[in-house]
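Report on the following structure.
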Amino acid sequence: MRFSHMLIPTTKEVPNDATLPSHIYLIRGGFIQNVGGSGLYNFLPLGKRVLDTVRAIAKEELDAAGCQEVDLAFVTPASLWEESGRYEKYGKELLRLKDRKENAFVLGPTHEEMMVNLVRHTVRSYKQLPINLYQIKTKFRDEIRPRFGLMRGREFLMKDGYSFHKDAEDMKINGFDNMERAYRRIFDRLGLDYRIVEADSGAIGGSGSKEFMVLAESGEDTIVVCDHCSYGANIEAAKRAPKPAPVYADDEAPEMTRTDFHTPGVTTIDALAEFFHIDSHHLIKAVAKKALYDEGVEKIVLFFIRGNDALEETKACNAVDANELIDISEEALRAAGLTPGYMGFNALPEGVIFRMDQELRGENNLIMGANRAEYHTIGVQMPDVSEHYADLVAVQAGDVCSHCGGTLRHTKGIEVGHIFQLGTRYSEPMGATFLDENGKAKPYEMGTYGIGISRLLAAIIEQHHDDRGCIWTPNTAPFAVEIIISNVKKEAEREAGEALYAQLKAAGVEVLLDDRPERFGSKMSDYELIGIPLAVVIGKKLAEGQAEIIVREGLDRVDHPVDTLFDAVMKRL
RNA sequence: CGGAGUGUGGCGCAGUCUGGUAGCGCACCUGCUUUGGGAGCAGGGGGUCGAAGGUUCGAGUCCUUUCACUCCGACCA
């Protein structure tokens, strides 16, 4: 391909809303173009080439793992979503629309319902199972806040796969584990440094899920990793060994008899710790939220955790089985009969539900709000009622790994893949069954598997760039090599460049020839910005029979005789 | 949705407070020179000032309404 004929609108200017390297370089390098803000992007020729490459790698590995590609309708009938119960639950990210006859549709953000519908009409017998279907298709999610370019657009290319099995064991082995292996191969081929972590199952439902996280400082997800073993988890699902009590000299661990204590003006954990001269480990923090349920039902819920812990909102949301948790104002708390700053789980007003962190179970000698103004209760003993307890807290850096006793730390990741063991979450409500060996109808055991194809372009660049631009990994680069003719008006340079270009093309190499009448500086800058792994510069050293070979990673340059350039390039590909 | 801000040629911005004939940089077009790190000179094209309404002799500027986008928090591949 000739640069002069290709639409590659590189710019010097940084788009003012772009903060991440991937966003900046993909725009500046002419890979993508923003469409009227708001998380919509056009893929220009360079971006399309990379996208197709990533897509092709995913397809190859999935097909090799026994999956079959299909292509489902993008506009999907709302009735299917009502069957699964997600029409309401999914929230505003789901773009709902009506046709001219007022029939309701949604733009598919994911396609569990569609795929179950496909299979329930076509698969009847256990003999046809397992089956694993996927598509690579544009999805639409009306994101609350699109940002970071391709990282969180509203429209994006996603591979979504679904497997159907006769029982849970087969789903785990031939579905879930098989996909984990396929995903490893895909991300390995893409050249990414990633980590597989335990994850929350979120809105899609089901149990047992893992995320593939590309490690990058700019990642939107916080992941917890162990510095000693291979444990890794999204903060939303991370576990730790119970937090040990502070170490006290001799027998100075606090002991108290239960009583209410006058604590005027002491409304924060820090103030409380200071007031009683006690480590916040022994305090109970109350975090109030409003939980939202289907059909507009709202409940006030209190979460009780240690004073030195922080609430992990996804865990908390799961603990009360809510669709969503939102913040609640102090006024609303007072209106419900609560006393901000002095809340505890004893003598709670009617209608307020609560959960306590599981690590508090069996503890005593704690201090907690007394549910009346200016009083805290000391010497609190935790009640022994199982349904009140759940895992609620965010694992903190320095906490202890529950697997090996090592130290946990936080790091940031970009979620590029997610695999779920779904079970019968969709097949059952949607009446999708097959006949088993005994002729009995059973719902399919399902797995579901996603890869953010367009997001991967951003993830690759987040991990592979320098201060000049992109550095594509060998298997993802839009071209394998770029030939830069320094000055196209010099016949000799032009001829040497054209000759090498013809040779490489004939050899089947994806090669870009920069034959533009630009100055050398702009061509080099564009090369560095676009980030093709290898370049050959035909320039002023041609007089001595030399050309220059540049490796984008590190920008190392070596001179090489022109007459053996072709072989030298081929050797480096 | 809560908080903050911005809408002016393709892109980035000034002009708005204090109303008086729309400007700068980049990009683009033409010509000449230049060609190893985003060139120089000369000439040129391109803007319903987000939208609607109002005040005024006169509105990019003042008032009202509205829309969109961006940034900081809750969603997810």
Side-chain angles (χ1 to χ4, degrees), chain A residues 9-19 27-28 33-40 58 89-94 109-111 136-148 150-161 183 199-204 209 211-214 220-221 234 236 289-290 292 313-314 316-317 323-327 329 413-420 448-459 468 484-490 493 516-529 537-543 547-548 550 555 557:
Chain A
T10 60
T11 56
K12 272 191 280 193
E13 306 274 345
V14 179
N16 66 350
D17 63 318
T19 50
I27 298 264
R28 283 195 50 210
Q33 177 190 48
N34 180 250
V35 186
S38 201
L40 303 174
K89 181 147 181 140
Y90 208 90
K92 284 191 223 157
E93 283 75 43
L94 186 63
T110 167
H111 283 91
I136 297 174
K137 197 176 181 74
T138 299
K139 303 290 189 293
F140 190 91
R141 282 186 197 164
D142 201 355
E143 291 284 346
I144 301 164
R145 189 145 113 74
R147 58 187 140 172
F148 303 144
L150 294 184
M151 199 80 87
R152 180 171 297 281
R154 288 198 292 177
E155 194 179 289
F156 56 98
L157 189 66
M158 178 166 115
K159 170 262 158 181
D160 53 320
Y183 276 32
D200 174 64
S201 296
I204 295 176
S209 87
E211 287 169 336
F212 288 71
M213 291 285 188
V214 170
E220 291 188 87
D221 286 278
N234 192 305
E236 295 174 351
K289 294 280 174 183
K290 188 186 285 182
L292 305 184
E313 218 169 281
T314 300
C317 189
N323 292 345
E324 193 183 352
L325 293 182
I326 58 173
D327 290 342
S329 66
I414 301 165
E415 184 187 354
V416 292
H418 200 159
I419 57 177
F420 288 87
T448 181
Y449 320 100
I451 295 179
I453 302 285
S454 49
R455 175 181 284 182
L456 272 166
L457 305 211
R468 311 242 175 145
I484 299 165
I485 299 172
S486 175
N487 184 347
V488 292
K489 286 197 177 161
K490 297 215 165 122
E493 288 185 17
R516 295 173 301 163
E518 300 291 325
R519 313 192 104 229
F520 177 76
S522 358
K523 290 195 263 197
M524 273 309 293
S525 300
D526 280 348
Y527 167 71
E528 289 158 354
L529 182 58
V537 176
I538 313 276
K540 63 181 185 187
K541 288 175 188 153
L542 187 62
E548 203 169 34
I550 301 178
L555 291 171
R557 304 164 173 227

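In what follows, every heavy atom counts, from backbone to side chain, and hydrogens, waters and symmetry copies are set aside. What you see is a predicted model, and the numbers here were worked out from it, not measured in a lab.
With both ends at atom C1', the span from B/C63 to B/U70 equals 26 Å, rounded to whole Å.
When the side-chain contact (heavy atoms from CB on, under 4.5 Å) test is applied to A/Lys137, the partners found at least two apart in sequence or on another chain are A/Asp71, A/Phe74, A/Gln135, A/Lys139. Applying the ring-ring contact (aromatic ring centres under 6.0 Å, His included) rule to A/Tyr527 yields no partners; only residues at least two apart in sequence or on another chain are considered. Every residue meeting the side chain to side chain donor-acceptor pair (under 3.5 Å) condition with A/Thr10, not counting sequence neighbours, appears here in chain and number order: A/Asp526. Here A/Glu143 pairs with A/Arg152 under the side chain to side chain donor-acceptor pair (under 3.5 Å) rule; sequence neighbours left out.
Side-chain proximity of A/Arg154 to B/U34, B/A74, B/C69: nearest is B/C69. When distances run from any side-chain atom of A/Lys12 to the nucleotides B/A27, B/C76, B/G73, the shortest one goes to B/A27. Nearest nucleotide to the side chain of A/Met158, out of B/C75, B/A77, B/C69: B/A77. Taking the side chain of A/Ser525 as heavy atoms from C-beta on, and the options B/G38, B/C76, B/A77, the nearest nucleotide is B/G38.
When heavy atoms are screened at a 4.0 angstrom cut-off, A/Lys159 is found touching no nucleic acid atom at all. Across all strands, A/Val488 comes closer than 4.0 Å to no nucleic acid atom at all (heavy-atom distances). Using a 4.0 Å heavy-atom distance criterion, A/Gly153 is classed as a base contact. Among the atoms of the strands shown, base atoms are found under 4.0 Å from some heavy atom of A/Arg468. As judged by a 4.0 angstrom heavy-atom cut-off over every strand, A/Glu548 is placed among the base-contacting residues. The residue A/Gly539 sits close to a base: some heavy atom pair falls under 4.0 Å. Across all strands, A/Asp221 comes closer than 4.0 Å to base atoms (heavy-atom distances). Note on A/Glu528: a base of the nucleic acid sits closer than 4.0 angstrom, heavy atoms only.
On a pure distance criterion of 3.5 Å, a polar donor-acceptor pair joins the side chain of A/Asp526 and the base of B/G38. Between the base of B/U34 and the side chain of A/Lys489 there is a donor-acceptor pair shorter than 3.5 Å. In terms of polar N and O atoms assigned as donor or acceptor, the side chain of A/Arg152 comes within less than 3.5 Å of the base of B/C76 in a complementary pairing.
No side-chain heavy atom of A/Leu542 sits under 4.5 Å from any side-chain heavy atom of A/Lys490.
Remark: A/Arg147 is in phosphate contact with B/G73, judged by side-chain N or O atoms under 4.0 Å from OP1 or OP2. Using a 4.0 Å cut-off, some side-chain N or O of A/Arg145 falls inside it from OP1 or OP2 of B/C72.
Atom CZ in A/Arg519 sits about 13 Å away from atom P in B/A27, given to the nearest Å. Distance CD (A/Glu143) to C1' (B/C76): 6 Å, rounded to an integer number of Å.
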Under 3.5 Å, N/O pairs linking protein and nucleotides 11-14 of chain B:
residue : atom : partner : partner atom : Å
B/C13   : OP2  : A/Asn16 : ND2          : 3.1

Could I get a table of every N or O pair under 3.5 Å where one atom is in the protein and the other is in nucleotides 41-45 of chain B?
none

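A donor-acceptor pair is defined here as one N or O able to donate and one able to accept, closer than 3.5 Å; such a pair exists between the side chain of A/Ser454 and the backbone of A/Leu157.
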